[in-house]
Amino acid sequence: MEELLTVTVDGAEPPTAATVNAVQAVCDKAEDRPGRGVVAVRVGGAPAAGWTGDLDVMRVSKWERTLRRLERLPRATVAVASGDCGGAALDAFLVCDVRVVTPGTRLLVHGDATATWPGMAGYRLVQLAGPARVRRALLFGVPIEAPEALALGVADELADDPAGAVAATAGLVSGLAGKEIAIRRQLLFDAATTSFEDALGPHLAACDRVLRRTAAEAS
């Protein structure tokens with residue numbers, strides 16, 4: 001039976017040590033057992049005014065490194081967002097392979113009295129949707145409603161049944177190897193910024209890996 005690993009990220013709090021540890025723990029399990037299951041990331045909640053008061057750049061840096069680790073796991077990841085989703089919850093939502101929103105979800109780029117928060121959520125939103133389509137969210141904190149998130153490609157599915165959406169993703173990746181998914185994901189990331197000539201080598205290496213494994217299994 002394929003294994004389901006789950007972690008919850010509460011956006012009502014800044015990225016605390018407990019949040020970082022919870023995400024790192026599920027990453028440890030996924031890396032130790034890079035099987036064919038999925039990692040489900042349940043997110044929701046948005047920070048209140050003054051939420052950055054206890055943050056420092058070292059904690060933010062550690063959180064961003066943790067998110068990058070989640071983004072590169074040797075398993076498929078699926079995020080399910082409910083209600084208002086901002087701060088750490090939005091961060092975790094955006095790094096996942098499959099992103100599901102429930103009706104009434106709003107994606108929020110929070111800030112303070114001076115401007116919106118300049119974290120990597122803004123970078124990922126632009127990578128997913130382009131700068132023009134998320135300009136108001138990034139500059140002014142205008143919420144991205146669930147239907148708009150779907151239209152922008154920031155979300156992949158609008159679902160009433162979060163558990164069903166996770167199960168559907170598990171079925172989607174059934175039979176696929178986690179390490180190979182990680183390689184395809186990296187090729188996907190690189191395609192947006194890499195020239196054909198520079199991309200050819202990694203793609204050929206991935207093809208060679210598949211061909212060698214196929215030949216070994218046939219012998």
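Below, each value reflects all heavy atoms present in this structure, side chains not excepted, and no hydrogens, waters or symmetry copies.
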Q: Determine whether Tyr123 and Val126 fall in the same hydrophobic cluster, where Ile, Leu, Val, Met, Phe, Trp and Tyr are linked whenever their side-chain heavy atoms lie under 4.5 Å apart.
A: no
Q. Rounded to the nearest 0.5 Å, how far apart are OG1 of Thr19 and CZ of Arg59?
A. 9.0 Å
Q | Check: Asp160 and Pro103 side chains under 4.5 Å, non-hydrogen atoms | A | yes
(Q) Would you compute the distance between atom CG of Asp84 and atom CG of Leu108 and round it to the nearest 0.5 angstrom? (A) 5.0 Å
Q | Within-4.5 Å side-chain heavy-atom neighbours: Asn21 and Thr16 | A | no
Q. If two hydrophobic side chains count as joined below 4.5 Å and joins carry through other members, does Val166 share a cluster with Leu158?
A. no
Q. What are the two closest heavy atoms between Arg75 and Asp97, and how far apart are they?
A. O-OD2, 3.9 Å
(Q) I want to check something: taking the side chain as every heavy atom from C-beta on, are Leu150 and Val101 in contact at a cut-off of under 4.5 Å? (A) no
(Q) Between Leu152 and Val134, is there a side-chain heavy-atom distance shorter than 4.5 Å? (A) yes
**Q.** Main-chain N/O of Ala81 paired with Thr105 side-chain donor or acceptor, under 3.5 Å
**A.** yes
Q: Please tell me if the side chains of Glu31 and Pro74 come closer than 4.5 Å, counting only heavy atoms from C-beta onward.
A: yes
(Q) Less than 4.5 Å apart, side chain to side chain, heavy atoms only: is that true for Arg68 and Arg65? (A) no
**Q.** Distance-minimising heavy-atom pair for Thr194 and Ala199
**A.** CG2-N, 3.6 Å
Q.
Checking Glu157 against Thr169 for the side-chain contact (heavy atoms from CB on, under 4.5 Å) test, could you report, in this order, the C-alpha distance in whole Å, the side-chain angles of both residues, the deciding distance, and whether it holds?
A. CA-CA 11 Å; Glu157 184 179 347; Thr169 301; 5.6 Å; no
Q: Verify the distance criterion only: is there a donor paired with an acceptor across the side chains of Gln24 and Asp28 at less than 3.5 Å?
A: no
(Q) In this structure, would Val95 and Val23 fall into the same cluster of hydrophobic residues linked by side-chain contacts under 4.5 Å? (A) yes
(Q) The test is side-chain contact (heavy atoms from CB on, under 4.5 Å); show your working for Leu107 and Glu145 and say whether it passes. (A) CA-CA 6 Å; Leu107 306 180; Glu145 307 280 349; over 6 Å; no
(Q) If I compare all heavy atoms of Phe93 with all of Val154, which pair ends up nearest, and what's the gap? (A) CE2-O, 3.9 Å
**Q.** Nearest-0.5 Å distance that lies between atom CZ in Arg124 and atom SG in Cys96
**A.** 10.0 Å
Q) Are Ile183 and Arg209 close enough, and set up right, to give a side-chain contact (heavy atoms from CB on, under 4.5 Å), and what steps lead you there? A) CA-CA 11 Å; Ile183 292 172; Arg209 178 185 172 93; 3.5 Å; yes
Q. Within the distance-only criterion (no hydrogens, no angle test), does the side chain of His110 pair as donor or acceptor with the backbone N or O of Gly87 below 3.5 angstrom?
A. no
(Q) With rounding to the nearest 0.5 angstrom, report the CZ to NE2 distance, Arg184 to His203. (A) 10.0 Å
Q) Is it true that atom CG of Asp54 has more than 12 heavy atoms of other residues, nucleotides or ligands lying nearer than 6.0 Å? A) no
(Q) For a quick test of reading the model, state the closest non-hydrogen atom pair linking Pro162 to Arg42 and the distance between them. (A) CB-NH1, 4.4 Å
Q. Above 12 or not: heavy atoms from other molecules or residues under 6.0 Å from CZ of Phe189?
A. yes
Q | Within-4.5 Å side-chain heavy-atom neighbours: Val41 and Val43 | A | yes
Q. Between Leu94 and Ala121, which heavy-atom pair has the shortest distance, and what is it?
A. CD1-O, 3.6 Å
Q: Kindly say whether Leu125 contributes a backbone atom to a donor-acceptor pair with the side chain of Arg133 at under 3.5 angstrom?
A: no
**Q.** Reported CZ-to-SG distance for the pair Arg212 and Cys207, which is rounded to 0.5 angstrom
**A.** 12.5 Å
Q. Under a 4.5 Å cut-off applied to non-hydrogen side-chain atoms, are Leu90 and Val109 in contact?
A. yes
Q. Between atom OG1 of Thr52 and atom CH2 of Trp117, what is the distance when rounded to the nearest 0.5 Å?
A. 6.0 Å
Q. Ile181 and Leu70: same hydrophobic cluster, using ILVMFWY side-chain contacts below 4.5 Å?
A. no
**Q.** Minimum heavy-atom distance Ala12-Asp10, with the two atoms named
**A.** N-OD1, 2.9 Å
Q: May I ask you to check whether over 12 heavy atoms, not counting those of Arg213, lie within 6.0 Å of atom CZ?
A: yes
Q: State yes or no: do Ile144 and Leu138 share one hydrophobic cluster built from I, L, V, M, F, W and Y residues joined by side-chain heavy-atom distances below 4.5 Å, directly or via other members?
A: yes
(Q) side-chain contact (heavy atoms from CB on, under 4.5 Å), that's the test. Do Leu4 and Val38 meet it? Break it down for me. (A) CA-CA 5 Å; Leu4 174 66; Val38 301; 3.4 Å; yes
